[in-house]
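Have a look at the structure below, then the notes.
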2 protein chains.
Amino acid sequence: MNADKIPDIIITRLPVYLRALQHMADNGIKNTSSQELGESVGISAAQIRKDISQFGEFGKQGTGYSIPYLLDKLREILKVDRLWDVIIVGAGDMGHALARYQGFANRGFNAVMIFDNDKDKVGQKIGDLTIEDTVDLIEKVKSAGVKIAMLTIPATVAQDTADKLVQAGVKAILNYAPISLNVPEDVKVQYIDPATHLQRMTYYL
Amino acid sequence: MNADKIPDIIITRLPVYLRALQHMADNGIKNTSSQELGESVGISAAQIRKDISQFGEFGKQGTGYSIPYLLDKLREILKVDRLWDVIIVGAGDMGHALARYQGFANRGFNAVMIFDNDKDKVGQKIGDLTIEDTVDLIEKVKSAGVKIAMLTIPATVAQDTADKLVQAGVKAILNYAPISLNVPEDVKVQYIDPATHLQRMTYYL
DNA sequence: TAGATTGTTAATCGATTAACAATC
DNA sequence: TAGATTGTTAATCGATTAACAATC
């Protein structure tokens, strides 16, 4: 294991490798090469080898990588060899979709609470979850020790709510609100904004 | 206007600038500086100036950028100074959420069709749209000339469906299915996978 | 005018690629 | 063994930052 600081850009690629390897494993494939993995994710073989080798020697000359072994290692590196509790803030259409999303459990995540500030929604059930009042967010998240939140609320209240999440001890925010958030250095934010993503492609049309 | 090839990474940042500037404009702010814009999106002032200057001289020494003017220019560059028709493939929770999403219209996009291969869903209404049968996708998309699609279907059928989209003439795919897609060079793909995004943050927890 | 801020250059920094010895 | 493929080095390529003349 290398003790140096790993570049952020490498960390962003590892989940993509993990996903592709999981897909191969699901199809009963036991081994792969940097070449093959690279083709499946659209990244050069050299870069795949370089990225993976930052964390140890997980391959074998001549035969490549054992998929189950590499899966184990990547999950360990990304710390998804466990189940993280996650909260959802905002019970609109997107919050509903996330609360019902089946793809989290086998990738390391478990939605444990959903909040909304609309009193009419509080108490309603979405799947296993009951919508809770946002006024209780800080207290409940803090005492449950949840570190990860998904934000699906209007842009107008997103910064305020992010501040509350930070107060509650949240360290990772997946932000669906179409606005940039300002958070302390030790809090990570990832952005999902469909319009922004679409606008990254229209330039080329 | 610079005729050189603009690096892809610059194009990915422009929509973020656009979003922040729109936000400022909504608050009645008329001018900004690279410094101020940079702070709001978490990017250095030098980089903002460099990015923007690839396309022309849109600022003024001493006073910075006129927000309405820069908005116009960025929309023109990104080609979102018009309304793009977009289709949704997959009428599950995520497809529903996108079909009802209010944030597209004022950012250059208009959902015009939604498809699903479940015969029980075909004919049902979601907002203004009626769910159509995926078997008709190629024909309908081709004849309507739609160039942009959002894919909210299971990973198992995503590649097949992407191939159909390509056949239908689609050149930009926003892929919500948790799998890497292989498409021709002239087709752009953006990925939105909440589990992948979350896994990019757990490493740091 | 004086102060502020751009657009741009050069320097620095970091990421990607090519190539190959090591070795399974 | 012969063929394949890794991990790693050095070279290349590209992106970011610092600094400042130009100028509003």
Side-chain angles (χ1 to χ4, degrees), chain A residues 1-17 20-21 24 29-74 77 185 200 203, chain B residues 1-17 20-21 24 29-74 77 185 200 203:
Chain A
M1 179 72 70
N2 195 324
D4 291 349
K5 172 93 172 66
I6 305 291
D8 206 76
I9 194 157
I10 292 185
I11 301 304
T12 68
R13 284 192 293 258
L14 296 188
V16 176
Y17 303 161
L21 290 164
M24 290 175 183
I29 306 172
K30 299 272 184 276
N31 293 281
T32 191
S33 63
S34 58
Q35 175 75 28
E36 187 181 54
L37 180 56
E39 276 165 17
S40 104
V41 300
I43 289 176
S44 78
Q47 183 156 85
I48 301 238
R49 291 200 300 280
K50 192 122 205 273
D51 285 354
I52 292 174
S53 71
Q54 303 295 307
F55 303 94
E57 305 194 355
F58 301 152
K60 269 218 264 293
Q61 287 99 329
T63 60
Y65 301 93
S66 152
I67 291 176
Y69 182 71
L70 188 52
L71 275 172
D72 267 3
K73 287 298 177 183
L74 286 178
I77 291 162
E185 257 206 6
R200 286 177 178 150
Y203 173 80
Chain B
M1 177 73 67
N2 194 324
D4 291 348
K5 171 95 174 64
I6 306 291
D8 206 77
I9 194 158
I10 292 184
I11 302 303
T12 68
R13 285 192 292 260
L14 297 187
V16 176
Y17 303 161
L21 289 164
M24 291 175 183
I29 306 174
K30 299 272 183 278
N31 294 282
T32 190
S33 64
S34 57
Q35 175 76 30
E36 187 181 55
L37 180 56
E39 277 165 16
S40 103
V41 299
I43 289 177
S44 79
Q47 184 155 86
I48 300 238
R49 291 201 301 279
K50 194 125 203 270
D51 286 354
I52 292 173
S53 71
Q54 303 295 308
F55 303 93
E57 306 195 354
F58 301 151
K60 269 220 263 291
Q61 287 100 326
T63 59
Y65 300 93
S66 152
I67 290 176
Y69 182 71
L70 188 52
L71 275 173
D72 267 2
K73 287 297 177 183
L74 286 178
I77 292 161
E185 257 206 5
R200 286 177 177 149
Y203 173 80

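Within every chain, numbering begins at 1; the chains are lettered A, B, ... in the order of the sequence lines, protein sequences first and strands thereafter.
- At a non-hydrogen distance threshold of 4.0 Å, S33(B), S34(B) from residues 32-43 of chain B come into contact with DNA chain C.
- Taking a 4.0 Å limit (strictly below) on heavy-atom distances, residues 59-73 of chain B reaches DNA chain C at G59(B), K60(B), Q61(B), G62(B), T63(B), G64(B), Y65(B).
- Q54(A) CD to L14(A) CG: the interatomic distance, rounded to the nearest 0.5 Å, is 9.5 Å.
- With sequence neighbours excluded, the residues forming a salt bridge (Lys or Arg N to Asp or Glu O under 4.0 Å) with R13(A) are D51(A), listed by chain and number.
- When the side-chain hydrogen bond (donor to acceptor under 3.5 Å, both in side chains) test is applied to Q61(B), no partner is found at least two apart in sequence or on another chain.
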Side chain to side chain contact (heavy atoms under 4.5 Å, CB included) between L74(A) and F55(A): does it pass, once the steps are laid out?
CA-CA 9 Å; L74(A) 286 178; F55(A) 303 94; 5.8 Å; no
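- To the nearest 0.5 Å, the span separating CD1 on I9(A) from CD1 on I11(A) amounts to 11.0 Å.
- For the residue pair S34(A)/R49(A), the side-chain donor-acceptor check at 3.5 Å is satisfied.
- Put simply, the side chain of M24(B) reaches to within 4.5 Å of the side chain of L37(B), judged on heavy atoms.
- Distance alone, capped at 3.5 Å, places no donor-acceptor pair between the E57(A) side chain and the S53(A) backbone.
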Expected output check: what is the dot-bracket annotation of DNA chain D, where ( ) and [ ] are pairs inside the strand (brackets for crossing ones), | is paired with another strand, and pairs are Watson-Crick or G-U under 3.5 Å?
..||||||||||||||||||||||
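- Looking at heavy atoms from C-beta onward, I10(B) lies out of side-chain contact with Y203(A) at the 4.5 angstrom threshold.
- Along DNA chain D, the stretch of nucleotides lying under 4.0 Å from any heavy atom of chain B spans, 5' to 3', dA15(D) to dC24(D).
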Worked check of side chain to side chain contact (heavy atoms under 4.5 Å, CB included) between N31(A) and Y65(A)
CA-CA 6 Å; N31(A) 293 281; Y65(A) 301 93; over 6 Å; no
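- Here the closest heavy-atom approach between residue T12(B) and residue R200(A) is recorded as O-NE, 2.9 Å.
- The shortest non-hydrogen separation linking I29(A) to I67(A) is O-CD1, 3.5 Å.
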